[in-house]
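Read the structure below first, then the notes.
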Amino acid sequence: MSEGITVAEVAADRPHALGEDFLQVENLKVHFPTEDGLVKSVDGLSFDLQRGRTLGIVGESGSGKSVTSQAIMGLHRGSRAQVSGQILLDGEDLLQVSDERLRKLRGNDIAMVFQDPLSSLHPYYTIGNQIVEAYKVHHDVKNSAARKRTIEMLDRVGIPNPQRRIDQYPHEFSGGMRQRAMIAMALINDPKLLIADEPTTALDVTVQAQILELILDLQREFGSAIIIITHDLGVVAEMADDILVMYAGKSVERGPVNDVFYTPQMPYTWGLLSSMPRIDRVREERLNPIRGNPPSLINPPSGCAFNPRCDFRHQVDDPQRCVDEVPLFDPEQLHPVRCHIVPARRKEIFESTIKPRL
Amino acid sequence: MFAYTIRRLLAAFVLLILMSIVTFLLFNASAQDPARLACGKNCTVEQIASVRHKLGYDKPIATQYVLLIKGLVAGRDFPDDAATKKNAPQTITHCGAPCFGYSNFQTSLVSTLIKERLPVSISVAFFAFVLWMVFGIVSGVIAALFRGRWPDKILVGLALVGYSFPTFFIGLVLYTYIALQWQLVPTPEYISPLSDPVGFLRGAILPAVTLAMIYIAGYVRLTRAYVLEAMGEDYLRTARAKGLNERTIVIKHTLRAALTPITTIAGLDLGALLAGTPITETVFNFNGVGKLTVQSATNGDLPTLTAIVLISAAFIIVANIVVDVLYAYIDPRVRYA
Ligand SMILES: Nc1ncnc2c1ncn2[C@@H]1O[C@H](COP(=O)(O)OP(=O)(O)O)[C@@H](O)[C@H]1O
Ligand SMILES: [Mg+2]
């Protein structure tokens, strides 16, 4: 074997080359029966993720990102939600495992960082108490050992003076420090998969960058796979290896970050990119939101769910197909796109119309 | 925290003073002639005048109030005039602090009456409190955990049934059937819990249950609502995501959050009960402050009524302070605010 080429480099060149998929989500459906009808929050989602890699899931609010992450954590168990499909973690189907097995996996193999660190921490217990508890539930150790480990972890995530801060309550922490504490809690058991659901949305801009930096640092150190969920394409562009774009509970575009970010193929992704705030743009030009509203998840538009909001339907040879036929999404491709416009035409439109405006 | 407690105590003190002024004015400066009330129906004009002088109702209203307060703090004499004290000291009745005056109807110092009656009311109130807290909270938690299923429906339904009947009805039914007809418990009577705790529990079980019935319904629903609210909180999702077992999630995470606000309500409810329960005490013939209230109100026994109102107010005010201070200890967010 020639020296100097690492597995990571191979993997970076050919994202699917590592073979072994650590997390495989197959045809995941999460439906909520409600008085108004069946809410199809996630409807046939498939994706996979290798060890040590980062998948960014983006989409407007309401597209089913959080419901997906909660399905992976098994948090829909015991609720009214109807969950089907497969979620294989290291070959084990998380939708089939016993409650007890799931409990052992939660927090230990899969951990989660939530959007709002203030409401996600218990107001009546100290930060230390909550992290120690997360460690002790998976490790048979004495309090003192767990506490020592907690202080180390708080120190590691950049909380100053952890010996003192460990005994403070969540409300005594700033937003950024709370999210650091949440990250410490999520990583204390060295999980193989970390799901971060909009980890910076509740924080102010300067803190956001620090938190993302921290997550990346820790990933390098611990080698976890990460799913980072956000509605901000800029965040995933910086963090992720792959991007999955969700619309109305389905994947509409997926691929390596450079492909999706620099040569996006789906009109919805174009819309997301155009609405992305950018520092190098003049203020008035900045926000260019996608017209229309997110679709109903009870009665989604027929055919392509995005069709009522799509400005490019006339680019399909027979525009009626957008209304009649759900576009196929081939998960085996490197950069699958759920769109009726033929690939060559999509590339052309992007280069000629979209790119200059970004 | 210390400064906060002191501040609360000062405010409470001011509130008590205001309460005492209002009560005093209401009872002693109304259209009714207090001396006439004290003397009774068949009194002659001379007798009324003598009573008026003896009890100090002939003095200006402000002086009367000052004497009332002085009596509470230091005790007072009836009649409080220098000439009688000098000429006929044997006719002076001394009323030691805290002096609420003299009740002609009960032919006793009001403070003596209260001292006899208060333990009855307080001990029954605590007994009821324990019952409704235990049954109300346990049922509420069970109802919440089984939301929408039969244990929930049965518990909430039962609570509602208990709540819909008036107290005197529940009291009479319990008395008639449980005590008299089926003799499951001894005839209700008050036995001091200090001298015979078991005897007290057996004698006071029916009035305590009757009182608790009024509260259980409310506490079942309240607890159920708070537990359900806590179950929807983000931090509970975090607790699940950590891999905690269901017991820890319910006891440590859910109940801690759900029961904290109940402390406040429970404290205030108990405070309001301590000064007696007229209906229950009357039904079970317990000589507590509640029954005394009914008698005094019927007789126009102003000194006793004044004392009861002041003591009730004091209980409620003190309960408020205790609850606030307690809350600061159990909710870390209040502690630092
Ligand atoms: N428990 C539930 N019952 C009914 N609808 C739900 C439930 N949870 C989520 N939804 C719906 O599912 C959709 C997707 O939600 P979510 O995954 O939170 O979106 P996001 O992509 O913003 O994270 C939303 O329209 C939401 O209203
Ligand atoms: Mg979300």
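Atom set for the values below is all heavy atoms of this structure, side chains included, hydrogens, waters and symmetry mates excluded. Quick note on labels: first sequence line is chain A, next is B, and so on, each numbered from 1.
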* Region of A/L75 that comes under 4.5 Å of a non-hydrogen atom in chain B -> side chain
Do any side-chain atoms of residues 264-277 of chain B form donor-acceptor pairs under 3.5 angstrom with protein atoms, and if so which ones, sequence neighbours left out?
unit_1	atom_1	unit_2	atom_2	d
B/T264	OG1	B/P261	O	3.4
B/D269	OD2	B/Y219	OH	2.7

* Asked: chain A: which of B/R237, B/R240, B/E246 shares the most heavy-atom pairs with it under 4.5 Å?
  -> B/R237
* A/F22, CZ atom: more than 12 neighbouring heavy atoms under 6.0 Å -> yes
* Should we count CZ of A/R77 as having more than 12 external heavy atoms under 6.0 Å? -> yes
* Asked: Are any side-chain N or O atoms of A/Y169 and backbone N or O atoms of B/D331, one a donor and one an acceptor, separated by less than 3.5 Å?
  -> no
Side-chain donor-acceptor distances from residues 28-36 of chain A under 3.5 Å, at least two apart:
unit_1	atom_1	unit_2	atom_2	d
A/H31	NE2	A/D43	OD1	2.9
A/T34	OG1	A/D36	N	3.3
A/T34	OG1	A/G37	N	3.4
A/T34	OG1	A/G37	O	2.6

* With sequence neighbours excluded, residues passing ring-ring contact (aromatic ring centres under 6.0 Å, His included) with A/F222 -> none
* Top of A/E133, A/M73, A/Q70 for chain B proximity - count of heavy-atom pairs under 4.5 angstrom -> A/E133
* Would a distance-only check, ignoring hydrogens and angles, find a side-chain to backbone donor-acceptor pair under 3.5 Å from A/S120 to B/T238? -> no
* **A/P123 to B/P332 - nearest heavy-atom pair and separation** => O-CG, 3.3 Å
* **Backbone N/O of B/K242 and side chain of A/H138: donor-acceptor pair under 3.5 Å** => yes
* To do: Take atom CG of A/N161 as the centre, draw a 6.0 Å sphere, and report whether it contains more than 12 heavy atoms from other residues, nucleotides or ligands.
  => yes
* **B/R202 atom CZ: more than 12 heavy-atom contacts under 6.0 Å** => no
* When you measure from the side chain of A/H122 to the backbone N and O of B/L236, does any donor-acceptor pair fall under 3.5 Å? -> no
* Asked: Under 6.0 Å from the CZ atom of A/R178, do we count more than 12 heavy atoms belonging to anything else shown?
  -> yes
* **Proximity of residues 83-107 of chain A to chain B, residues having a non-hydrogen atom under 4.5 angstrom** => A/R103, A/R106, A/G107
* Structure fact -> In short, B/A257 meets A/Y124 closest at the heavy-atom pair CA-CE1, 3.5 Å
* To do: Just give me the residue among A/Q130, A/Q115, A/M112, A/M182 that pairs up with chain B most often, heavy atom to heavy atom, under 4.5 Å.
  => A/Q130
* Which heavy-atom pair separates B/K252 from A/Y125 by the least distance, and what is that distance? -> O-OH, 2.7 Å
* Asked: Given a strict heavy-atom distance threshold of 4.5 Å, which part of A/A134 is in contact with chain B: side chain, backbone, both, or neither?
  -> both
* Asked: Can you tell me how far OH of B/Y235 sits from CG of A/L118, rounded to the nearest 0.5 angstrom?
  -> 10.5 Å
